[in-house]
Undergrad: 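One structure, as structure tokens, below. Some questions next.
Please read all numbers here as calculations on a predicted model, not as lab measurements. All ligand and atom numbering here is 1-based and tracks the order in the structure.
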Amino acid sequence: MNGNVIIIGATSGIGKNLALLFAEKGYHVVATGRRKNLLDELAKENQNIVSTSCFDITSENALKKIDDIILSLGKVDIFIYCAGIAILTTYPDWSSDQQMIRLNIEAFTKCSGFMFNYFLQQGYGQMVVISSIAALRGGGSAPVYNASKAFQSHLFESFNIQALQKNKNIVFTDIKPGYVDTKMAVGENKFWVMPVEKTCEQIYKAILHRKREAVVTNRWKMAAFILKFLPGFLFFRLVKKNANH
Ligand SMILES: NC(=O)c1ccc[n+]([C@@H]2O[C@H](COP(=O)([O-])OP(=O)(O)OC[C@H]3O[C@@H](n4cnc5c(N)ncnc54)[C@H](OP(=O)(O)O)[C@@H]3O)[C@@H](O)[C@H]2O)c1
């Protein structure tokens with residue numbers, strides 16, 4: 001066995017594909033999510049390797065569930081936070097914003113802190129978040145989604161600084177995908193929508209290389225570079241031009 005991997009949000013899309021990929025590569029994978037039927041299907045496809053745990057990561061007992069998984073495994077090499085939600089909001093809408101904040105920020109922060117403390121005790125470990133290219137700039141389709149992804153990226157950068165300051169063998173990997181062909185890639189004007197399998201191959205490589213940050217897929221790297229460094233006045237000119245079309 002190559003090691004133990006826990007994936008939060010592995011019932012569909014990127015998380016499911018990562019679970020299958022890590023299992024295929026000889027890891028012991030624990031897949032989690034709320035939809036039990038999909039977890040059961042996943043376990044059936046990979047009887048020897050994938051075990052599952054069904055819970056809502058925003059629930060009160062989520063950390064207890066994670067603790068139980070860790071106890072059953074004995075050690076954790078890689079912990080992947082793939083659960084995420086994006087709700088399109090053309091006007092501020094608290095009930096949508098709150099759902100995104102609870103999953104993408106609150107539960108994520110709780111899990112990250114919990115795993116950081118666990119890895120400190122264990123002496124090593126890697127936590128991965130699937131943030132987004134949306135972390136790089138604001139966006140007009142789902143402002144709180146973009147803000148939540150920026151939060152994830154900054155928290156991981158800060159935790160990496162703390163791990164280095166402590167001289168510990170702990171890495172926080174921030175994966176920023178462009179558009180990926182899952183049910184989350186909603187809305188119009190999507191371009192360069194990447195197949196989920198190809199995206200996961202590149203995510204897998206970045207995780208194995210213990211990168212602190214990676215944009216996937218390769219064609220999104222240049223777009224990310226431009227997005228990140230484009231001066232504000234040019235960025236807003238571009239946004240305005242697109243809005244007028
Ligand atoms: N698709 C894209 O274009 C794209 C681009 C950039 C970044 N991302 C990021 O990639 C990540 C995965 O998204 P995806 O595209 O694979 O979408 P997806 O197919 O909708 O997957 C989302 C996963 O999150 C889980 N989840 C949602 N709420 C949960 C909760 N309360 N507790 C536990 N698990 C929960 C879902 O499982 P259950 O519903 O079974 O709980 C599901 O397994 C997200 O963080 C997203 O922001 C996606």
Undergrad: Does only the side chain of L103 get under 4.0 Å from ligand 1, or the backbone, or both, or neither? Count heavy atoms.
TA: side chain

Undergrad: For ligand 1, indicate whether the residue K176 contacts it via side chain, backbone, both or neither (heavy-atom separation under 4.0 Å).
TA: neither

Undergrad: Between K64 and D68, does any side-chain N to carboxylate O distance fall below 4.0 Å?
TA: yes

Undergrad: For ligand 1, is any non-hydrogen atom under 4.0 Å from S131's backbone (N, CA, C, O), its side chain (CB onward), both, or neither?
TA: backbone

Undergrad: From the options A10, S12, G13, select the one whose nearest heavy atom is closest to atom 21 (O) of ligand 1.
TA: S12

Undergrad: Please examine the side chains of Q99 and I87, heavy atoms only from C-beta on, and report whether any two atoms are closer than 4.5 Å.
TA: yes

Undergrad: Consider ligand 1: state whether an atom of it lies below 4.0 angstrom from any non-hydrogen atom of D56.
TA: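 Flag set, D56 near ligand 1.
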
Undergrad: Please tabulate, one pair per line, all N/O donor-acceptor pairs under 3.5 Å involving side-chain atoms of residues 219-229, not counting sequence neighbours.
TA:
| residue | atom | partner | partner atom | Å |
| --- | --- | --- | --- | --- |
| W220 | NE1 | W192 | O | 3.1 |
| K221 | NZ | V215 | O | 2.7 |
| K221 | NZ | N218 | OD1 | 3.3 |

Undergrad: State whether the side chain of D181 and the backbone N or O of M194 hold a donor-acceptor pair below 3.5 Å, judged by distance alone.
TA: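 Answer holds: no.
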
Undergrad: At a 4.0 Å cut-off, with the gap strictly under it, does some heavy atom of G178 reach an atom of ligand 1?
TA: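 Yes, G178 has a heavy atom closer than 4.0 Å to ligand 1.
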
Undergrad: Does Y81 come within less than 4.0 angstrom of ligand 1, counting non-hydrogen atoms of the residue?
TA: no

Undergrad: Tell me which part of K16 gets within contact of ligand 1: side chain, backbone, both or neither, using heavy atoms under 4.0 Å.
TA: neither

Undergrad: Which option, C82, G84, G33, owns the non-hydrogen atom nearest atom 12 (C) of ligand 1?
TA: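 It is C82 whose heavy atom sits nearest to atom 12 (C) of ligand 1.
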
